[in-house]
Amino acid sequence: MKMEHIFAAVLLVFLRVFLSSDSNIQGAFVVVPRSVQNPVNHTAQFNCTITQGQLQWLVRFKDYTYDLFWPPALYDRTLLSRGVNVVNTTERASILFINATQQNNGTQVQCIAAIQTFLNRTEKANLTVFGPPAAPSNLSTSFLDGSHVLVSWVPPFTLQGTKTWYRTYVWNMSSNSTTSFTLACEGVVATSFCVYAYENTAVNRVCAEYRFATEAVNEAGASGQSAPLDAVLPTAPRITSDPIIRVISSRAVDKFDVVFHVQVEYCGDIPVQYWLVLRNTTANASVTFGPYFFEQHGSDVEIGVKVLPNYSYSYTVTVSNVAGNSTSAPQVLYTTDVQLSTITCSDHQLNVTCFFAEGT
């Protein structure tokens, strides 16, 4: 054989290999298969349309070391057993279906246009199978106002391009029922919070305890509920009795220490603020003391101020938190009628807090 014949034969083999490479797709394909993300137990779909030649499919499973062609050989039932099927819509248009199972996760697909002895291949398209998301974590609550609570959480990891939404459940634990719940938020896509509206009341002076839980949902299913979070939702404070003078002591010749005691009811361990408005009706002057912040929940609070002897005063106390406020009815104090006590504010055996400020 002449040398030029050998060279021509080698060149023909090289061209056939080159023309069958992944890069030679120009002019042979109108529609090429694209990588897809599918929920588990659904069906993935790949589309291909060619302009010439015979259309074939090539499938490589992640756990296989060789490629499988469609149509399969009579003796090879692997593609059928793994849920692969092909529907030819026309002679040169075809759809490849694959069951999106965890076993088929990572499968690669190529479309082939067989033109005489050349196999023109598309780029590889990947099948990514995803299951239900993990449950949200780290639930927390914050109170927006007297009737709305913000429930937030850390969302689970999700694949880019997939949609995840959330359901937030609320139980009123004070009703002694753990089966009856309210669906506070549903179908909230791509957010990690829920605003729940609740009734701002305490029934029979019993604070309502609520339980919150959230689950994540995608096309593959639901995560199951997160770890629950229990919270006592706040109510507006209510002054249950008129403020009274709890302690009066003499610390100076010209001034008295006067402590006003107030009883308050409210729900929720949230900061509460107190104001005392003291008006010297004799001198026609008033002073506002506060706000005084109390971080811990308590019903007994005392506010101390210094007042002048032989004067007439009126006073009110206002209590507020994020849920609302309450103001007592005006009370009257005549310092000429007060019998001084030797007890000072710090001498109390009560679980209360005292503040002293200068009056008028």
Is there a chain of hydrophobic side chains (I, L, V, M, F, W, Y, each step under 4.5 Å between heavy atoms) that links [X] to [Y]?
{"X": "Val322", "Y": "Leu233", "answer": "yes"}
{"X": "Leu68", "Y": "Phe46", "answer": "yes"}
{"X": "Val319", "Y": "Val232", "answer": "no"}

Completion exercise
Minimal heavy-atom distance between Gln160 and Gln37, with the atoms involved, is O-NE2, 3.0 Å

Under a 3.5 Å threshold, yes or no: a donor from one side chain and an acceptor from the other, between [X] and [Y]?
{"X": "Ser94", "Y": "Asn88", "answer": "yes"}
{"X": "Thr214", "Y": "Thr168", "answer": "yes"}
{"X": "Asn284", "Y": "Arg279", "answer": "yes"}
{"X": "Ser328", "Y": "Thr316", "answer": "no"}

Problem - Ring geometry between Tyr313 and Tyr311 (parallel below 30°, tilted from 30 to 60°, perpendicular above 60°) - result: tilted

Handout entry: Arg82 charged N/C atom sitting above Phe61 aromatic ring, 6.0 Å / 45°
Key = yes

Practice task
Please list all pairs passing the side-chain hydrogen bond (donor to acceptor under 3.5 Å, both in side chains) test where one or both residues lie in residues 220-231, with sequence neighbours left out.
Solution key: Arg211-Asp230

Exercise for the section: Spell out, as yes or no, whether a donor-acceptor pair under 3.5 Å connects the side chain of Asn38 to the backbone of Phe130. Expected result: no

Exercise for the section: Measure from the ring center of Phe193 to the ring center of Trp153 and say whether it is less than 6.0 Å. Expected result: no

Practice task
Enter the distance from Ile50:CD1 to Arg92:CZ here, rounded to the nearest 0.5 Å.
Solution key: 6.0 Å

Problem - Residues Thr282, Ser312; criterion side chain to side chain donor-acceptor pair (under 3.5 Å); working and verdict - result: CA-CA 5 Å; Thr282 304; Ser312 173; 4.6 Å; no

